[in-house]
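All values below come from the heavy atoms of this structure, side chains included, with hydrogens, waters and symmetry mates left out.
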Amino acid sequence: MPHLYYVNRWYTIYASIATLPILTVTHLALLYIPQFRHFNGHAGGGGQMKSQSTNGDEALDEAKRELSMITGNAPGTTSFRSPPNSIKRFLMSNLQWTLIVVDVILAMFLTGTVLWLGISEVAVENWHVVFGLIWCLGWCTVWFLDLIRVRDAFDWVAARRAKRASVANRASASKTSSIQQRHTPGQDAQSSKTQRDHYSRSHQNPISTLTKRSNRSSSSSSSSSDEDEEDSFSNNGTVMGMPPTSALVDASGSPANPQNVSASRRFLSGPDLHKSTPSDLHWTLWYFETIKLGIQERIFFFIPLFVTALFLSLGVTLFVERTCICIHPQQISTRITRMLQGVSCQPHKVCFNYLTLPEKPAEEMIVKFHASSVPLESAVYYDTVPRFGQVEAYQHMALCHWIDMRPYIKDEDRFIHSCDLTSLTPNTTYYFITTFVEQETSTRIVENREMKFKTQHNSPSEPVRFAVSGDRQSMSTISKAILHQATLQDISFFVLGGDLVYDNGMIHCYRRWDKFFREYEAYGNYNGYYIPLLASIGNHEGLFWQFGVTPLEALNYVQMISHKVGDTGLDRKLNHIHLLGQHSTLTILDSGIVQTHQSQVAWMDNMWSTKYANTNKLVAYHAPMYPSSRDFDYIWGSTGRKYWEPLFDKYNVTVGFEHHDHLFKRTKMLSTEGQIVEKGGTIYLGDGSMGISRPDPVDIPVPHFLAKRGSRFHFWLVDIARDWGTYRAIDHYGETFDILNMEKNANGEWKSVENVLTEEER
């Protein structure tokens with residue numbers, strides 16, 4: 001399953017769209033739980049209203065049970081038992097706080113989604129702002145509603161305490177009366193009559209009302225939905241999610257007229273259930289009715305809360321807009337923080353220059369530079385002798401094409417210029433300057449210094465020297481030292497095997513790329529010669545460091561790195577091949593970050609069997625097929641072995657440069673699925689440790705296919721000729737700590753030979 005770790009941005013959007021209704025329905029259901037309770041000694045059916053009574057006796061019994069819950073001492077009835085399910089009982093008895101928890105979960109989810117859209121805003125255009133506004137209005141409304149309910153909950157607690165105190169006083173008075181009756185037996189009949197009269201006067205209207213309702217039920221097939229409203233009492237005489245039962249009667253002991261109930265009471269208990277038709281009782285209508293009543297009755301509380309929530313929501317939305325999260329080292333920035341830092345690429349100048357290696361570096365070169373001014377035209381002027389920046393003195397000129405990054409990089413204007421120099425002379429030094437004409441002023445802007453590079457030789461036998469590393473720690477003294485040590489070796493080009501800047505595929509992390517190119521411009525030259533860069537894509541060039549992303553989700557890498565003359569745009573392929581002299585090729589592959597392993601098989605087979613059939617073959621990519629620390633069967637390694645390794649064996653690939661594991665490694669000569677052979681196989685070198693390293697996993701046994709493994713910052717220095725090759729592992733101090741020598745026999749098969757290091761050096 002090649003997309004096991006793949007998280008597509010659209011899946012996240014779909015999940016958010018699907019989750020919001022679920023959370024909303026849950027929220028509404030919690031609000032309506034009190035309407036579903038039954039007082040028959042068991043928990044009611046959670047999702048349906050109680051069936052209507054058709055028998056007068058049943059209605060009268062129900063009325064008595066309701067009265068028992070109001071008075072707490074009616075004879076002949078059993079007290080209400082709470083639901084046996086402790087979780088449900090807790091939710092129902094703590095409804096207000098349950099709603100708050102739901103709101104917090106909803107707010108966290110929506111905030112995370114807004115943050116995610118801020119990171120990947122390039123992929124969803126203006127959805128980030130729209131979603132942020134929806135989040136603002138929706139969440140602050142729900143939050144307001146539940147704050148009102150919680151505020152009233154404190155009043156209910158006070159009322160409940162008063163009710164309990166009243167009950168306690170009545171019980172005390174009753175006990176005192178009983179004692180007095182025992183001492184004056186002659187007064188028993190009169191006292192009993194007095195208590196009955198008091199009980200009748202105190203509860204005359206409830207009895208009458210309930211009896212009338214009983215009569216209405218016996219004469220009609222429809223029962224009042226008032227039962228459902230009053231079925232929400234608990235065994236302590238309090239409605240769950242409603243005011244205490246004392247609020248149901250007035251000061252004289254008569255039941256409160258539903259039309260005279262306060263707006264807060266109606267807000268908490270729903271519409272008038274005594275006179276509502278079934279259609280009026282729909283819970284969604286009741287929910288919106290509570291919002292309306294809440295705003296009407298708490299307008300002075302609603303306005304400041306709404307304004308606060310509005311500014312808070314918009315503030316969060318704007319603050320996380322265009323978020324950048326980089327690692328190695330950890331850096332987080334947003335549009336606001338970058339605005340405070342100022343622009344990265346100053347206007348009216350060339351910001352920085354770099355070279356990328358084309359397919360035929362003896363005859364071609366790709367010059368790139370960035371600028372913020374809108375161009376009318378751009379060009380590279382070059383010659384084989386120094387011209388000291390005098391534009392008119394150069395003998396050659398190559399027009400450039402540019403990529404407008406303003407639709408993606410919105411903090412500042414940015415144009416990436418790419419200039420293809422062709423028909424060059426092999427093994428020759430060229431001097432060049434980069435220029436462009438500003439659209440605003442029609443002024444030609446010229447780089448104020450002359451630069452130079454040297455084309456590669458095209459000898460059929462002489463060796464080509466280059467360096468390989470990967471998984472680079474940004475702004476690290478170790479990565480700078482490794483780059484400097486590599487350039488001191490007089491290399492033709494430098495290979496970075498993925499994870500160049502750890503921008504995690506976030507377009508708004510473009511400043512991390514700016515720092516990388518400035519660092520490469522400063523340290524990636526030797527005696528003033530610019531050294532071309534050759535790169536393969538790593539998973540940290542993909543959005544959220546995932547494999548299986550789209551070109552848009554690896555936009556910075558795709559737009560800023562190109563290795564084929566005339567290749568521009570998002571449709572460029574990330575696998576490419578490069579000719580070394582006339583005897584070898586280095587093939588760069590995409591190990592499942594944008595292109596699948598399988599999709600590159602036909603291209604490799606065609607290149608190696610036709611155009612470059614008679615060359616030595618080396619490959620470089622990011623995710624290892626033979627990892628030094630992770631599981632041997634992890635998906636990207638096993639997929640590479642499945643699709644690529646048969647071709648490696650078929651075309652006698654000499655060395656594979658692997659990365660991603662941040663260790664030093666050298667394998668034995670291997671064939672299909674790790675079979676160790678003496679000749680004709682492939683040796684894999686790695687594993688990407690240019691400033692990023694991890695402790696040697698001593699608790700993990702060294703796999704059978706590894707010859708060496710260790711934790712050491714390093715790069716590989718390669719000399720490859722027609723019949724031999726030398727591969728040296730060199731650390732950031734310039735010390736060589738491993739050497740691999742290989743020779744090719746008469747049958748074209750490669751074999752490793754004796755290591756020339758002394759025992760002490762080993």
Between Asp633 and Arg641, does any NZ, NE, NH1 or NH2 come within less than 4.0 Å of an OD or OE carboxylate oxygen? yes
Asn747 (side chain) donor-acceptor with Glu749 (main chain) under 3.5 angstrom: no
Thr615 side chain to Ser584 backbone, donor-acceptor under 3.5 Å: no
Where the side chain of Gln331 meets the backbone of Ile327, is there a donor-acceptor pair that is under 3.5 Å apart? no
So which pairs with a foot in residues 606-626 pass salt bridge (Lys or Arg N to Asp or Glu O under 4.0 Å), sequence neighbours left out? Glu359-Lys611
Return the set of residues passing ring-ring contact (aromatic ring centres under 6.0 Å, His included) with Phe664 (not counting sequence neighbours), or none when no residue passes. His714, Trp716, Phe737
Donor-acceptor under 3.5 Å (Asp661 side chain, Asp687 main chain): no
Set of residues satisfying ring-ring contact (aromatic ring centres under 6.0 Å, His included) with respect to Tyr354, sequence neighbours excluded: His370, Phe517
Is the Cys419 SG less than 2.5 Å from the Cys400 SG? yes
Are Glu673 and Lys642 close enough for a salt bridge, meaning some N to O gap below 4.0 Å? no
Candidate pair Ser378 and His417, rule side-chain hydrogen bond (donor to acceptor under 3.5 Å, both in side chains), full reasoning: CA-CA 7 Å; Ser378 63; His417 300 257; 3.0 Å; yes
So, Lys708 and Asp738, do they make that salt bridge, N to O below 4.0 Å? yes
Would you find a donor on one side and an acceptor on the other, under 3.5 Å apart, between the side chain of Lys744 and the backbone of Arg722? yes
Nearest 0.5 Å please: distance from the CZ atom of Phe494 over to the CG atom of Leu355. 14.5 Å
Aromatic ring centroids of Tyr530 and Phe453 under 6.0 Å? no
Picking from Tyr634, Phe705, Trp636, what satisfies ring-ring contact (aromatic ring centres under 6.0 Å, His included) with Tyr626? Phe705
Verdict with supporting geometry, Asn556 and Met506, side chain to side chain contact (heavy atoms under 4.5 Å, CB included): CA-CA 8 Å; Asn556 284 329; Met506 300 178 186; over 6 Å; no
Which pair of heavy atoms, one from Ser492 and one from Ile531, lies closest together, and at what distance? O-CG2, 4.2 Å
Partners meeting side-chain contact (heavy atoms from CB on, under 4.5 Å) with Ser418 (sequence neighbours left out): Ile366, Lys368, His401, Asp420, Ser562
N-O pairing of Arg512 and Asp503 below 4.0 Å: no
Flag if over 12 foreign heavy atoms under 6.0 Å of CD, Gln675: yes
Return the set of residues passing ring-ring contact (aromatic ring centres under 6.0 Å, His included) with Tyr502 (not counting sequence neighbours), or none when no residue passes. His328, His540
Look at the side chain of Thr667 and the backbone N and O of Tyr684, then say whether any donor-acceptor pair between them is shorter than 3.5 Å. yes
Would you call the rings of His660 and His662 parallel, tilted or perpendicular, where under 30° means parallel and over 60° means perpendicular? perpendicular
For the side chain of Lys668 and the backbone of His704, is there at least one donor-acceptor N/O pair under 3.5 Å apart? yes
Between Asp590 and Gln600, what is the shortest heavy-atom contact and its length? O-NE2, 2.6 Å
Say whether, by atom type as modelled, one donor and one acceptor occur between the side chain of Glu541 and the main chain of Leu500 under 3.5 angstrom. yes
Checking side chain to side chain contact (heavy atoms under 4.5 Å, CB included) for the pair Lys452/Tyr430: CA distance, chi angles, key distance, verdict? CA-CA 5 Å; Lys452 62 182 179 180; Tyr430 283 88; over 6 Å; no
Applying side-chain hydrogen bond (donor to acceptor under 3.5 Å, both in side chains), run through Asp605 and Tyr651 and close with a yes or a no. CA-CA 9 Å; Asp605 194 17; Tyr651 293 104; 2.2 Å; yes
Does the Lys NZ or Arg CZ of Arg728 fall within the cation-pi geometry relative to Phe715 - under 6.0 Å from the ring centre and within 45° of the axis? no
Of Phe352, Phe415, Phe436, the one forming a side-chain contact (heavy atoms from CB on, under 4.5 Å) with Phe369 is Phe436
By the side-chain hydrogen bond (donor to acceptor under 3.5 Å, both in side chains) test, which pairs, at least two apart or in different chains, include something from residues 455-469? Arg465-Asp719
On the 0 to 90° scale, with breaks at 30° and 60°, tag the Tyr621-Trp644 ring pair as parallel, tilted or perpendicular. perpendicular
Ignoring hydrogens and angles, tell me if any N or O in the side chain of Asn525 forms a donor-acceptor pair with the backbone of Tyr529 under 3.5 Å. no
